[in-house]
**Q** 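One structure, pasted below without further comment.
Proteins get letters first, then strands, A, B, ... in listed order; numbering begins at 1 in each.
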Number of protein chains: 2
Amino acid sequence: MSHQAEADRVLRSLGRDCLEHDPDVLRSVLDRVGDKWSLILIGLLDKGPMRFTELLRTAPGISRRMLTLTLRSLERDGLVKRVIYPESPPRVEYEVTPFGRTLSEPVLALTRWAADNQDTIRANRHAFDKAAGFDGDDLG
Amino acid sequence: MSHQAEADRVLRSLGRDCLEHDPDVLRSVLDRVGDKWSLILIGLLDKGPMRFTELLRTAPGISRRMLTLTLRSLERDGLVKRVIYPESPPRVEYEVTPFGRTLSEPVLALTRWAADNQDTIRANRHAFDKAAGFDGDDLG
DNA sequence: CGGCATCCCGATAGATACTG
DNA sequence: CAGTATCTATCGGGATGCCG
């Protein structure tokens with residue numbers, strides 16, 4: 001993509017207030033990938049193809065069932081591809097599609113935000129809870 | 001941002017596997033803002049301060065209860081600030097904090113992705129469902 | 001107008017057992 | 001190994017009512 005085309009796209013989307021943080025559009029993407037596991041799996045698979053059991057071990061806390069369901073929905077949306085190798089111990093690998101990789105970009109942005117601001121949030125919560133508990137009593 | 005700076009940023013983030021799509025870090029941010037309404041509200045408030053009832057009308061489908069709960073949690077995390085104007089008809093406005101505004105950026109990236117790819121997802125689902133033989137819901 | 005408390009339902013997701 | 005099926009519990013979140 002050319003520099004100019006990219007700049008154009010950004011400016012266009014920023015300039016049109018109908019797109020800027022449109023609640024309905026945002027809702028649509030959240031309904032699709034805003035569940036508990038989709039983005040996690042997209043993130044993991046972004047590093048390379050993985051097998052079912054491998055994902056089961058790597059995704060912290062996911063169950064067999066949810067892994068199956070989430071992978072199916074991702075496959076359905078064309079974000080992930082399922083590849084079957086008909087071997088003697090049957091093997092199945094999942095990989096991100098080129099389309100899925102385009103989603104990986106904004107996801108990474110979100111992950112980066114999370115990494116950068118975990119401490120701030122923790123501190124804010126602490127302060128808020130303390131203030132609420134003492135009903136704003138700030139006398140020494 | 002310059003072409004070079006952008007390239008640098010991408011390479012740096014891709015090169016550091018400690019940050020790249022860490023499942024736990026991603027989970028932490030999803031636990032905070034991955035619920036049904038947080039990102040919607042952040043997005044709405046990004047455009048400017050809004051009153052409680054105003055948000056109630058503008059956020060599509062939110063209930064009184066969930067608006068209250070979500071605003072509280074956002075306030076607790078320091079993403080949103082609650083401002084009370086002691087007037088004759090009491091008035092309360094919510095606004096994004098500077099900290100909240102930093103989150104607004106990755107959220108916008110996600111919204112843009114959604115807007116750009118709604119049609120693709122719809123098509124993918126249709127194709128998948130047709131192939132599998134079962135019918136699922138449509139993309140709103 | 002702003003916002004908490006109560007009740008209740010349905011979706012989400014965990015545990016377990018079974019199949020190819 | 002790679003799932004599927006079922007059963008169940010939890011809880012997010014909607015509806016409603018009350019209160020400042």
Side-chain angles (χ1 to χ4, degrees), chain A residues 23 26-28 30-41 44-45 49-77 80-95 128-129 131-133 135-136, chain B residues 23 26-27 29-41 44-45 49-77 80-95 128 132-134 136-137 140:
Chain A
L26 185 51
R27 166 95 281 118
S28 80
L30 290 179
D31 283 345
R32 255 137 255 296
V33 299
D35 62 277
K36 198 171 179 181
W37 300 110
S38 286
L39 292 186
I40 299 277
L41 293 183
L44 286 175
L45 290 175
M50 291 179 81
R51 305 180 58 171
F52 186 88
T53 316
E54 210 176 346
L55 284 168
L56 205 56
R57 281 195 309 266
T58 313
I62 197 170
S63 66
R64 252 184 184 56
R65 173 186 143 86
M66 288 318 296
L67 181 55
T68 301
L69 288 178
T70 308
L71 283 173
R72 282 294 163 277
S73 91
L74 290 175
E75 189 192 357
R76 181 168 181 244
D77 289 352
V80 156
K81 191 184 170 199
R82 184 164 174 263
V83 185
I84 308 166
Y85 299 88
E87 301 172 351
S88 38
R91 200 175 99 217
V92 177
E93 282 194 344
Y94 293 90
E95 57 183 56
F128 186 90
D129 293 347
D135 198 29
Chain B
L26 185 50
R27 164 108 336 272
V29 72
L30 290 179
D31 284 345
R32 256 144 251 296
V33 299
D35 62 277
K36 196 170 179 181
W37 299 110
S38 287
L39 292 186
I40 299 278
L41 293 183
L44 286 175
L45 290 174
M50 291 178 81
R51 306 181 58 170
F52 186 88
T53 317
E54 211 176 345
L55 284 168
L56 206 55
R57 281 195 309 266
T58 313
I62 197 171
S63 67
R64 251 184 177 58
R65 174 186 143 86
M66 288 320 296
L67 181 55
T68 300
L69 289 179
T70 308
L71 283 174
R72 280 298 159 276
S73 91
L74 290 175
E75 188 191 357
R76 181 167 181 247
D77 290 353
V80 157
K81 192 183 170 198
R82 184 165 173 263
V83 186
I84 309 166
Y85 299 89
E87 302 173 351
S88 38
R91 201 174 98 217
V92 178
E93 283 194 344
Y94 292 91
E95 58 183 56
F128 186 90
F134 73 84
D137 62 340

**Q** Please give, in whole Å, the distance from dG20(C) P to F52(A) CZ?
**A** 17 Å

**Q** Can you tell which of dA13(C), dT4(D), dG20(C) lies closest to the side chain of M66(A)?
**A** dA13(C)

**Q** Taking all non-hydrogen atoms of both residues, which atom of F52(A) and which atom of R64(A) are closest, and how far apart?
**A** CZ-O, 3.9 Å

**Q** Nearest whole angstrom, please: distance from the C1' of dG3(D) to the CG of L67(A).
**A** 10 Å

**Q** To the nearest Å, how far apart are L71(A) CG and dT4(D) P?
**A** 10 Å

**Q** Out of dG3(C), dT4(D), dC1(C), which has the shortest distance to the side chain of R64(A)?
**A** dT4(D)

**Q** Establish, with yes or no, whether the OP1 or OP2 oxygen of dG3(C) is under 4.0 angstrom from a side-chain nitrogen or oxygen of T68(B).
**A** no

**Q** DNA chain C: W37(A) or P90(A), which has the more 5' nearest nucleotide?
**A** W37(A)

**Q** What is the separation between atom CG on L30(A) and atom P on dG13(D), rounded to the nearest whole Å?
**A** 11 Å

**Q** Just how far, in rounded Å, is C1' of dG12(D) from CG of D35(B)?
**A** 9 Å

**Q** For P89(A) and for R65(A), find the nucleotide of DNA chain D with the closest heavy atom, then tell me which residue's nucleotide is more 5'.
**A** P89(A)

**Q** Taking all atoms of both residues into account, what is the closest heavy-atom pair of R72(A) and R82(A), and its distance?
**A** NH2-NE, 3.5 Å

**Q** R82(A) has a side chain; which of dA2(D), dG14(C), dG14(D) sits nearest to it?
**A** dA2(D)

**Q** Need one value for Y94(A): base, sugar-phosphate or nothing, where a base atom within 4.0 Å counts as base even if backbone is also close, heavy atoms only.
**A** sugar-phosphate

**Q** Can you check the D31(B) CG to dC11(D) P distance for me, whole Å?
**A** 13 Å

**Q** For dA15(D), does OP1 or OP2 lie under 4.0 Å from any side-chain N or O of S63(B)?
**A** no

**Q** Is any side-chain heavy atom of L71(A) less than 4.5 Å from a side-chain heavy atom of L55(A)?
**A** yes

**Q** For P23(A) and L44(B), work out which heavy atoms get closest and say how close.
**A** CG-CD2, 3.6 Å

**Q** Need one value for R51(B): base, sugar-phosphate or nothing, where a base atom within 4.0 Å counts as base even if backbone is also close, heavy atoms only.
**A** sugar-phosphate

**Q** Over how many whole Å does the gap from L56(B) atom CG to dC4(C) atom P extend?
**A** 14 Å

**Q** Taking the six-membered ring of Y85(A) as reference, does the cationic atom of R91(A) (NZ for Lys, CZ for Arg) lie under 6.0 Å from its centre and within 45° of its axis?
**A** yes

**Q** R72(B) side chain N/O closer than 4.0 Å to the phosphate oxygens (OP1, OP2) of dC4(C)?
**A** yes

**Q** Whole angstroms only, please: what is the NZ-C1' distance between K36(A) and dG14(C)?
**A** 9 Å

